[in-house]
Amino acid sequence: MTSETATSRYNFKETEAKWQSLWEESGCFNVEIDPEKPKYYVLEMFPYPSGRIHMGHVRNYTMGDVVARYKRAQGFNVLHPMGWDAFGMPAENAAMEQRVHPGKWTYENIAMMRSQLRKMGLALDWSRELATCHPGYYESEQRMFLKFLEQDLVYRRRSSVNWDPVDNTVLANEQVIDGLGWRSGAPVERRELDQWFFRITDFSEELLEGLKNLERWPAKVRTMQENWIGRSEGMKVWFELEGHDDRLQIFTTRHDTIFGATFCAISPDHPLSKDLAQNDADLTTFIEECRSLGTTEAALEKAEKRGYKTGLRAKHPLTEGKTIPVFVANFVLMEYGTGAIYGCPAHDQRDLDFARKYNLDVIPVVIPPDADPADFAVDDVAYTDDGLHANSDFLDGLGLADAKEAVANVLEEKEIGNREINFRLRDWGVSRQRYWGCPIPIINCPDCGTIPVPESELPVCLPDDIDFEKPGNPLDRHPTWKFVDCPKCGSAAERETDTLDTFVESSWYFSRFCCPRSEDPVDSEAMEYWMPVDQYIGGIEHAILHLLYSRFFTRAMQKCGYIDFDEPFAGLFTQGMVCHETYRTDDGEWLMPTQVESDDGGSLKSVENGAAVQVGRSEKMSKSKKNVVDPEDIIETYGADTARWFMLSDSPPDRDLEWTDSGVAGSWRFVNRLWRLVAENADQERAAEPEKFDKELRAVRQQVHQTIGGVTDDLEGFHFNRAVARIYELVNALSGVGAGTTEERWVLREGLKIMVQLIGPMMPHLAEELWSRLGNTTSLADEPWPKADKDLMASETVTLAVQVRGKLRATIEVPHDVDQESAEAAALAEPAVVAALEGKTVNRIIYVPNKIINVVHG
RNA sequence: GCCCGCUUGGCGGAAUUGGUAGACGCAACGGACUUAAAAUCCGUUGUCCGAAAGGGCGUGCCGGUUCGAGUCCGGCAGCGGGCACCA
């Protein structure tokens with residue numbers, strides 16, 4: 001560019017700052033309850049203030065902003081708030097590593113990230129900003145905790161944690177690496193502590209049923225939650241033990257296979273296991289080994305299936321005189337069912353593997369339909385499908401369902417078994433032995449037990465003067481904080497030093513956004529108007545825990561009378577991750593994209609020392625692999641609109657997005673192309689609408705109006721990448737229109753105006769700027785969404801594909817909705833069709849109006 | 001291990017309910033403009049055969065349903081998410 005002209009490069013820095021301050025001054029995105037207007041609540045999962053925003057945030061908040069701005073243009077009163085999920089472990093880790101107070105670290109991060117988010121130009125109501133680590137927020141949480149306690153939604157019981165015996169601290173699962181503590185490297189033990197639990201299992205059935213009505217949730221998330229809740233209909237059955245006073249209660253969902261039972265297995269945590277271990281040193285060792293596996297389900301499931309033969313024998317409940325051995329087995333979970341099972345190896349793969357390992361009998365009792373009962377045997381693959389029962393006394397000849405029914409009736413009659421509905425879902429353990437969380441407002445009195453902190457003394461604030469020099473819970477170590485008098489008897493007592501799981505804060509923040517400064521946890525008028533969230537957007541990694549806990553918490557709040565709805569999120573969208581190539585030197589050192597450049601030969605080398613760099617496959621951007629691109633760098637170089645546009649282009653929002661420098665550069669070129677296109681055509685006079693347009697201009701106008709319809713549908717359906725493609729096509733078409741005639745100029749103006757409106761939600765700063773350059777004095781943010789002219793959208797002719805036996809041979813142009821006879825005649829007259837049909841007899845012709853015509857020959 | 005997804009050109013992807021596979025973008029190549037470069041504009045680009053016209057093959061792999069399958073069904077492989085104390 002030789003001189004600065006009207007068509008010089010778009011100055012995004014100036015323009016973006018200008019519009020951001022105009023939006024802020026006018027407060028146009030700050031909203032109040034307005035009974036006259038329909039509301040729309042858009043929410044992205046709020047960020048953890050880790051330090052700087054990352055590309056995942058940019059993608060998430062761009063999508064939410066598109067929805068917010070689009071719905072606003074559609075006339076909704078749009079609530080679009082932002083806040084901080086501010087409690088959590090990283091703040092404590094920073095405290096230990098950098099000797100900075102978790103609160104200071106968190107608030108500084110929030111300030112940094114807030115300023116970064118502001119540069120994105122998001123249509124947010126910042127007046128509602130909240131941070132969960134603020135006493136104003138967690139006081140409400142403490143009130144609700146006490147209310148939950150009153151309503152018996154909270155209880156305390158012993159439960160195991162990962163214990164680091166060297167650091168004397170509880171470890172999170174992610175802090176346990178291959179069974180060792182991440183800092184100490186010591187083998188982690190499982191230790192039992194008294195911990196607080198929410199009774200989420202009281203709502204198992206409701207949480208499952210509720211999924212059916214969540215029509216605007218992805219089916220896969222509903223399926224995942226369904227499986228997580230894991231409802232199963234089965235039986236609890238009592239087994240007498242030979243030479244032992246206790247009975248053993250097992251749970252099974254395959255009671256039809258009871259005659260195939262060849263062993264019983266109990267959890268290492270089962271009371272009977274503990275009982276037996278007292279007189280059995282080997283069993284004690286075995287149980288300890290099981291406990292060294294850690295607390296995660298994945299670790300237990302992946303571990304080799306092992307058992308310990310207790311020597312006890314269980315009496316078969318339906319076969320007189322038959323006994324089967326009782327094992328302690330590492331794969332039986334105390335948390336599920338009764339912590340005891342019977343094994344039927346022929347019809348359960350895990351039982352079969354176990355039976356082969358310990359030489360137990362395998363008795364087939366369900367015969368596949370195509371097998372001979374006389375010689376059907378199970379080898380290494382269990383038969384788990386339906387069939388007729390055999391070797392099963394009164395069940396012989398029955399199918400699976402009938403056999404279950406018959407067994408259930410007999411066992412219930414004998415009063416040694418009950419039909420039971422069982423859930424996989426376990427109660428939610430909310431105790432954390434950490435500082436940076438919401439204090440649990442309880443006082444433990446040696447005489448009175450657990451006593452709630454009186455409401456007048458809330459909030460129970462975290463002490464500021466804490467010591468992170470030693471590992472473990474600083475609250476517990478604090479010289480004075482926990483020592484209080486019992487509110488009931490006045491004698492010396494101690495505060496609960498556990499804090500709440502940070503999932504608790506994120507289980508109701510969406511309600512608090514509706515009334516962020518309310519004295520009560522929530523304000524009923526605000527709840528009534530704003531809730532539920534109409535569109536919730538966040539990562540698929542939250543498909544189960546966060547979303548299920550929020551659904552539970554909402555029901556618990558309902559039970560306590562805070563609200564009168566049960567589902568918090570009417571619509572859910574789960575976005576994909578942002579990925580980037582990985583770079584590694586031959587020494588195995590990871591490099592950031594900015595530390596890599598290409599050499600003359602086109603291969604990559606380190607900027608620093610020229611060492612050869614290998615390109616790895618694209619993976620989720622992560623600090624550990626250094627494949628991160630800092631959003632602030634991108635916004636500095638290209639502006640927020642370019643970053644937003646790139647986030648929306650190409651990749652479908654629910655899939656992973658591949659970050660490429662060339663793709664961003666492409667978006668930047670497009671931004672400038674729009675800028676020039678409008679600049680070159682903005683000054684034309686606005687003439688009255690011409691009476692007639694020629695065919696080409698009619699086609700352009702048709703495309704303009706079809707694009708309105710298409711983009712509208714795409715935004716409604718979260719197909720942002722398709723909306724982007726349509727806008728590219730529209731701009732390509734508009735670029736081809738000359739500005740010579742009045743008609744051309746009029747069509748161009750119409751097209752540009754609509755194009756600017758359509759990009760408004762996606763590139764808001766550029767759109768506002770172009771909108772004003774087109775001569776408008778209003779803010780585009782206040783402009784209604786364009787409406788398509790239906791008459792213009794419809795076309796008169798369609799292209800029909802002509803197939804011969806399913807193979808495309810020609811395409812023909814026919815009038816819209818042409819009758820079959822004319823279509824057939826036109827198709828059969830096509831030379832290519834004639835050639836393909838030569839010497840053949842036509843058997844039938846399939847005609848799908850406006851789509852295809854398929855000629856089928858013999 | 002269990003549950004849930006995903007797989008289409010060199011790359012990201014498009015293809016309303018089964019109906020013209022590859023829109024749009026990126027990259028690459030060729031050309032225009034320029035003293036030159038950048039920027040911009042125009043063109044080509046799934047693959048194989050062919051000078052061309054045209055034709056064969058093609059949506060991870062194997063099989064099925066159908067006049068017709070990227071789309072539906074069965075099986076397999078690879079990759080990713082979750083697995084209850086990361087958020």
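Below, chains carry the letters A, B, ... as their sequence lines are ordered, and counting in each starts from 1.
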Novice: Taking the side chain of A/I852 as its heavy atoms from C-beta onward, which of B/G1, B/U20, B/C24 lies nearest to it?
Specialist: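 Of the candidates, B/U20 comes closest.
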Novice: Scan A/T811 against the nucleic acid and name what it touches under 4.0 Å (heavy atoms): base, sugar-phosphate only, or nothing.
Specialist: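 Base contact.
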Novice: Looking at B/G5, which nucleotide sits across from it as a Watson-Crick or G-U wobble partner, both distances under 3.5 angstrom, or is there none?
Specialist: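 B/C79 is the nucleotide pairing with B/G5.
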Novice: Side chain of A/N173, heavy atoms from C-beta onward: which of B/U20, B/G5, B/A84 has the nearest atom to it?
Specialist: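 For A/N173, the side-chain atoms sit closest to B/A84.
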Novice: Please determine, for B/U16, whether a Watson-Crick or G-U wobble partner exists with both distances under 3.5 Å, and give it or none.
Specialist: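 When the pairing criteria are applied, nothing turns out to pair with B/U16, so the answer is none.
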Novice: Using the P atom in both, what is the distance from B/G9 to B/U47, to the nearest Å?
Specialist: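 Result for the P pair: 12 Å, nearest Å.
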Novice: Could you give the CD-to-P distance, from A/Q575 to B/G81, as a whole number of Å?
Specialist: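 After rounding, the gap between these two atoms is 15 Å.
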Novice: If you look at every strand shown and take non-hydrogen atoms under 4.0 Å, does A/I544 touch a base, only sugar-phosphate, or nothing?
Specialist: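 Sugar-phosphate contact only - A/I544 comes under 4.0 Å of backbone atoms but never of a base.
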Novice: State whether A/R655 places a side-chain N or O below 4.0 Å from either non-bridging phosphate oxygen (OP1 or OP2) of B/G13.
Specialist: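 For B/G13, OP1 or OP2 has a side-chain N or O of A/R655 closer than 4.0 Å.
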Novice: From the set B/G1, B/U20, B/A87, return the single nucleotide nearest to any side-chain atom of A/L808.
Specialist: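 Selected nucleotide: B/U20.
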Novice: Which of these nucleotides, B/C4, B/C67, B/G25, is closest to any side-chain atom of A/I846?
Specialist: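 That would be B/C67.
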Novice: Can you tell me the base-pairing partner of B/G54? Count Watson-Crick or G-U wobble geometry only, both distances below 3.5 Å, and say none if there is no partner.
Specialist: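 B/C49 is the nucleotide pairing with B/G54.
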Novice: Which sits closer to the 5' end of RNA chain B, A/K302 or A/F46, going by the nucleotide each is nearest to?
Specialist: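 It is A/K302 whose nearest nucleotide is closer to the 5' end.
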Novice: Name the nucleic acid region contacted by A/Q433, choosing base, sugar-phosphate or nothing; use a 4.0 angstrom heavy-atom cut-off, strictly under.
Specialist: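 Answer is base: heavy atoms of A/Q433 come under 4.0 Å of a base.
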Novice: Paired with B/U35 by Watson-Crick or G-U wobble geometry, both distances under 3.5 Å: which nucleotide is it?
Specialist: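 Across any shown strand, B/U35 pairs with none.
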Novice: Just the rounded figure in Å: distance from P of B/A84 to CZ of A/F203.
Specialist: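 A/F203 atom CZ is separated from B/A84 atom P by 23 Å.
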Novice: OP1 or OP2 of B/C67 versus the side-chain N and O atoms of A/R805: is any pair under 4.0 Å?
Specialist: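 Answer is no, no contact under 4.0 Å.
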Novice: Taking the side chain of A/S662 as heavy atoms from C-beta outward, which of B/C85, B/U20, B/C26 is closest to it?
Specialist: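 So the side chain of A/S662 is nearest to B/C26.
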Novice: Considering only atom P, compute the distance from B/A38 to B/G46 and round it to an integer number of Å.
Specialist: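 Here B/A38 and B/G46 have their P atoms 26 Å from each other.
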Novice: Between A/D194 and A/R158, does any NZ, NE, NH1 or NH2 come within less than 4.0 Å of an OD or OE carboxylate oxygen?
Specialist: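 Yes, A/R158 and A/D194 are salt-bridged.
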Novice: If we ignore angles and hydrogens, is there a donor and acceptor under 3.5 Å between the side chains of A/Q195 and A/Q433?
Specialist: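 The answer is yes; a qualifying pair exists.
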Novice: Mind calculating the distance between CG (A/N93) and P (B/C85) to the nearest angstrom?
Specialist: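 Going from CG in A/N93 over to P in B/C85 covers 17 Å.
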Novice: Over 60° means perpendicular and under 30° means parallel, so tell me whether A/Y728 and A/W645 are parallel, tilted or perpendicular.
Specialist: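 Perpendicular.
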Novice: Taking the same atom, C1', in B/U71 and in B/G18, what whole-Å distance lies between them?
Specialist: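 Pairwise C1' distance, B/U71 against B/G18, rounds to 6 Å.
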Novice: Does any nucleotide pair with B/C11 by Watson-Crick or G-U wobble geometry, both distances under 3.5 Å, and what is it?
Specialist: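 When the pairing criteria are applied, B/G25 turns out to be the nucleotide that pairs with B/C11.
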Novice: Anything under 30° is parallel, anything over 60° is perpendicular, the rest tilted; go ahead and classify A/Y48 against A/W105.
Specialist: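 Judged by the thresholds at 30° and 60°, the geometry between A/Y48 and A/W105 is tilted.
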Novice: What nucleic acid atoms does A/H546 come within less than 4.0 Å of, heavy atoms only: base, sugar-phosphate, or nothing?
Specialist: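 No contact.
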Novice: Mind calculating the distance between CZ (A/R424) and C1' (B/C2) to the nearest angstrom?
Specialist: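 Rounded to whole Å, this separation is 8 Å.
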Novice: Strictly distance-based, threshold 3.5 Å: is any side-chain N or O of A/N473 a donor or acceptor partner for the main-chain N or O of A/L475?
Specialist: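 Confirmed, A/N473 side chain pairs with A/L475 backbone.
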Novice: Look at the rings of A/F331 and A/F354 and say which category their plane angle falls in: under 30° parallel, 30 to 60° tilted, over 60° perpendicular.
Specialist: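 It falls in the perpendicular class, over 60°.
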Novice: Does the ring center of A/W428 lie less than 6.0 Å from the ring center of A/F203?
Specialist: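 When the ring centroids of A/W428 and A/F203 are compared, they turn out to be at least 6.0 Å apart.
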Novice: Taking any heavy-atom pair under 4.0 Å as a contact, classify A/F503: base, sugar-phosphate, or nothing.
Specialist: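 Base contact - A/F503 has a heavy atom under 4.0 Å of at least one base atom.
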Novice: Judged by each residue's nearest nucleotide on RNA chain B, which is more toward the 5′ side, A/R809 or A/V221?
Specialist: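 Result of the comparison: A/V221.
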Novice: Between B/A14, B/C85, B/U40, spot the one nearest the side chain of A/R676, thanks.
Specialist: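 Nearest listed nucleotide: B/U40.
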Novice: Base, sugar-phosphate or nothing for A/V161? Non-hydrogen atoms, less than 4.0 Å.
Specialist: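 Result for A/V161 = base.
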Novice: Remember a base hit wins even if backbone is also touched, and classify A/W228 as base, sugar-phosphate or nothing at under 4.0 Å, heavy atoms.
Specialist: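 A/W228: base contact, heavy atoms under 4.0 Å.
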Novice: Ignoring hydrogens and geometry beyond distance, is a side-chain donor-acceptor pair present between A/Q225 and A/R551 at under 3.5 Å?
Specialist: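 Looking only at side-chain atoms, A/R551 and A/Q225 do form a donor-acceptor pair, the distance falling under 3.5 Å.
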Novice: Which part of the nucleic acid does A/K851 contact within heavy-atom distance under 4.0 Å: base, sugar-phosphate only, or nothing?
Specialist: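 Base, at least one base heavy atom under 4.0 Å.
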Novice: Output the single nucleotide from B/U20, B/G25, B/A84 whose closest atom is nearest the side chain of A/E297.
Specialist: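 That would be B/A84.
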Novice: On a whole-Å scale, what distance lies between the C1' atoms belonging to B/C29 and B/U66?
Specialist: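 Each nucleotide's C1' atom is 42 Å from the other's.
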Novice: Which nucleotide sits closest to the side chain of A/T296: B/G81, B/A84, B/A15?
Specialist: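 When the side chain of A/T296 is considered, B/A84 is the closest of B/G81, B/A84, B/A15.
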Novice: Could you tell me the separation between the CZ atom of A/F646 and the P atom of B/G13, rounded to a whole number of Å?
Specialist: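 A/F646 atom CZ is separated from B/G13 atom P by 11 Å.
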Novice: Base, sugar-phosphate, or nothing for A/V724, non-hydrogen atoms under 4.0 angstrom?
Specialist: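 Counting heavy atoms under 4.0 Å across all strands, no contact is made by A/V724.
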Novice: Would you call B/G31 syn or anti, using the 90° rule around 0?
Specialist: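 Anti, which is what one calls it when the glycosidic angle falls more than 90° from 0.
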Novice: Expressed in whole Å, how much space separates the P atoms belonging to B/A36 and B/G31?
Specialist: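 Taking atom P in both B/A36 and B/G31, they lie 14 Å apart.
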Novice: Tell which nucleotide pairs with B/U71, taking only Watson-Crick or G-U wobble pairs whose two distances are both under 3.5 angstrom.
Specialist: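 For B/U71, the partner nucleotide comes out as none, under the 3.5 Å rule.
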Novice: Under 4.0 Å between any heavy atoms, over every strand shown, what does A/L425 touch: base, sugar-phosphate, or nothing? Just pick one.
Specialist: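 Counting heavy atoms under 4.0 Å across all strands, the contact made by A/L425 includes a base.
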Novice: Tell me whether the side-chain N or O atoms of A/Q803 pair up with the base of B/G19 as donor and acceptor below 3.5 Å, since no angle test is needed here.
Specialist: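 Result: at least one qualifying N/O pair found.
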Novice: Taking the six-membered ring for Trp, are A/W217 and A/F573 closer than 6.0 Å centroid to centroid?
Specialist: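 Ring-ring flag for A/W217/A/F573: false, centres at least 6.0 Å apart.
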Novice: With ring centroids as reference points, do A/F46 and A/W84 lie under 6.0 angstrom apart?
Specialist: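 That pair fails the under 6.0 Å test.
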Novice: Which value, in whole Å, describes the distance between the C1' atoms of nucleotides B/C62 and B/G12?
Specialist: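 Looking at atom C1' only, B/C62 and B/G12 are 29 Å apart.
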Novice: Within the 4.0 Å heavy-atom criterion, would you say A/R726 contacts the bases, only the backbone, or no part of the nucleic acid?
Specialist: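 Nothing, no nucleic acid heavy atom in range.
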Novice: Under 4.0 Å, heavy atoms only, any strand: does A/N854 hit a base, just the sugar-phosphate, or nothing?
Specialist: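 Base, at least one base heavy atom under 4.0 Å.
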Novice: Output yes when at least one side-chain N/O atom of A/N721 is less than 4.0 Å from OP1 or OP2 of B/C24, else no.
Specialist: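 A/N721 to B/C24 OP1/OP2: no side-chain N or O under 4.0 Å.
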Novice: Under 3.5 Å, is there a donor on one side chain and an acceptor on the other for A/W182 and A/E174?
Specialist: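 No pair is found: no donor N or O on one side chain lies under 3.5 Å from an acceptor on the other.
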Novice: Please state how far atom CZ in A/R669 lies from atom C1' in B/C26, giving the value in whole angstrom units.
Specialist: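 The answer, rounded to whole Å, is 8 Å.
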Novice: Indicate, with a heavy-atom threshold strictly under 4.0 Å, whether A/A543 touches base, sugar-phosphate, or nothing.
Specialist: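 Contact class for A/A543: none.
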Novice: With rounding to the closest Å, how many angstrom separate the P atoms on B/G25 and B/A14?
Specialist: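 The same atom, P, in both gives a distance of 15 Å.
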Novice: Nearest-Å distance, CD (A/Q175) to P (B/A87)?
Specialist: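 Spelled out: CD on A/Q175 to P on B/A87 is 9 Å.
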Novice: Would you say A/K807 places a side-chain N or O within less than 4.0 Å of OP1 or OP2 belonging to B/C57?
Specialist: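 Answer yes for this pair, as a side-chain N or O of A/K807 is under 4.0 Å from OP1 or OP2.
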Novice: Between P on B/A27 and CG on A/D650, what's the gap in Å once rounded to a whole number?
Specialist: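 Those two atoms, CG and P, are 11 Å apart.
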Novice: Could you please name the option among B/C86, B/C24, B/G81 that lies closest to any side-chain atom of A/E541?
Specialist: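 Ranking B/C86, B/C24, B/G81 by closest atom to the A/E541 side chain puts B/G81 first.
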Novice: Quote, to the nearest angstrom, the P distance that separates B/U59 from B/U7.
Specialist: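 Their P atoms lie roughly 14 Å apart.
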Novice: Choose from B/A23, B/A87, B/C4 the nucleotide whose nearest atom is closest to any side-chain atom of A/A725.
Specialist: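 Closest nucleotide among those given: B/A23.
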Novice: Have a look at A/Q195 and say if it touches a base, only the backbone sugar-phosphate, or nothing, with a 4.0 Å heavy-atom cut-off.
Specialist: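 Base contact.
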